[in-house]
Amino acid sequence: MNIENPYDSPTEPIVSTNPSLLLWSLGFVFATSFVGGGVGALLGVAIGSFVPSYYRSVFSNGESPSFDPIAVGFGQGLTQGIVLGVFIGLILVALFYWYRSRSQK
């Protein structure tokens, strides 16, 4: 705040972003999506193997002889796991940057 002009906004220190930190953040989100996809695919295959009636009841063509609940479980688990992994990764990176911004003051 300026003494002559009390309406001036206070000057904040400029926080520069490190490019390697941005690459780390991107890699972290990618890693969490990869792990989430793997875990989701394993869970989907397990559900398709041990409880195939679940996928048969969820999809309209589940009673068709060509319906493969293991393949459906793999695809569903993979896609849902990737989405959840990206979501968790973005939340953790946002919390990291929030903590970093708060600890620099």
How does the hydrophobic cluster around [X] look, that is, which other residues are in it when side-chain heavy atoms under 4.5 Å mark a link?
| X | answer |
| --- | --- |
| Val39 | Val35, Leu43 |
| Leu26 | none |
| Leu42 | none |
| Leu95 | Phe87, Ile91 |

CZ (Phe30) with more than 12 external heavy atoms under 6.0 Å:
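At most 12 heavy atoms, drawn from other residues, nucleotides or ligands, come within 6.0 Å of this atom.
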
Would you list the pairs meeting side chain to side chain donor-acceptor pair (under 3.5 Å) in which at least one residue belongs to residues 48-57, sequence neighbours left out?
none

If a pair satisfies side chain to side chain donor-acceptor pair (under 3.5 Å) and one of its residues is in residues 21-33, list it, with sequence neighbours excluded.
Ser25-Tyr97

State yes or no: do [X] and [Y] share one hydrophobic cluster built from I, L, V, M, F, W and Y residues joined by side-chain heavy-atom distances below 4.5 Å, directly or via other members?
| X | Y | value |
| --- | --- | --- |
| Phe34 | Leu90 | no |
| Phe50 | Val58 | yes |
| Ile47 | Val45 | no |

Which residues satisfy the side chain to side chain contact (heavy atoms under 4.5 Å, CB included) test with Leu78, sequence neighbours excluded?
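Counting only residues at least two positions away or on another chain, Leu78 forms a side chain to side chain contact (heavy atoms under 4.5 Å, CB included) with Ala41, Phe74, Ile82.
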
Excluding sequence neighbours, so at least two apart, what forms side chain to side chain contact (heavy atoms under 4.5 Å, CB included) with Leu92?
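Leu92 satisfies side chain to side chain contact (heavy atoms under 4.5 Å, CB included) with Phe28, Ile88 only.
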
Got a list of side-chain donor-acceptor pairs under 3.5 Å for residues 60-70, not counting sequence neighbours?
unit_1	atom_1	unit_2	atom_2	d
Ser64	OG	Ser66	N	3.4
Ser64	OG	Ser66	OG	3.2
Asp68	OD1	Ile70	N	3.4

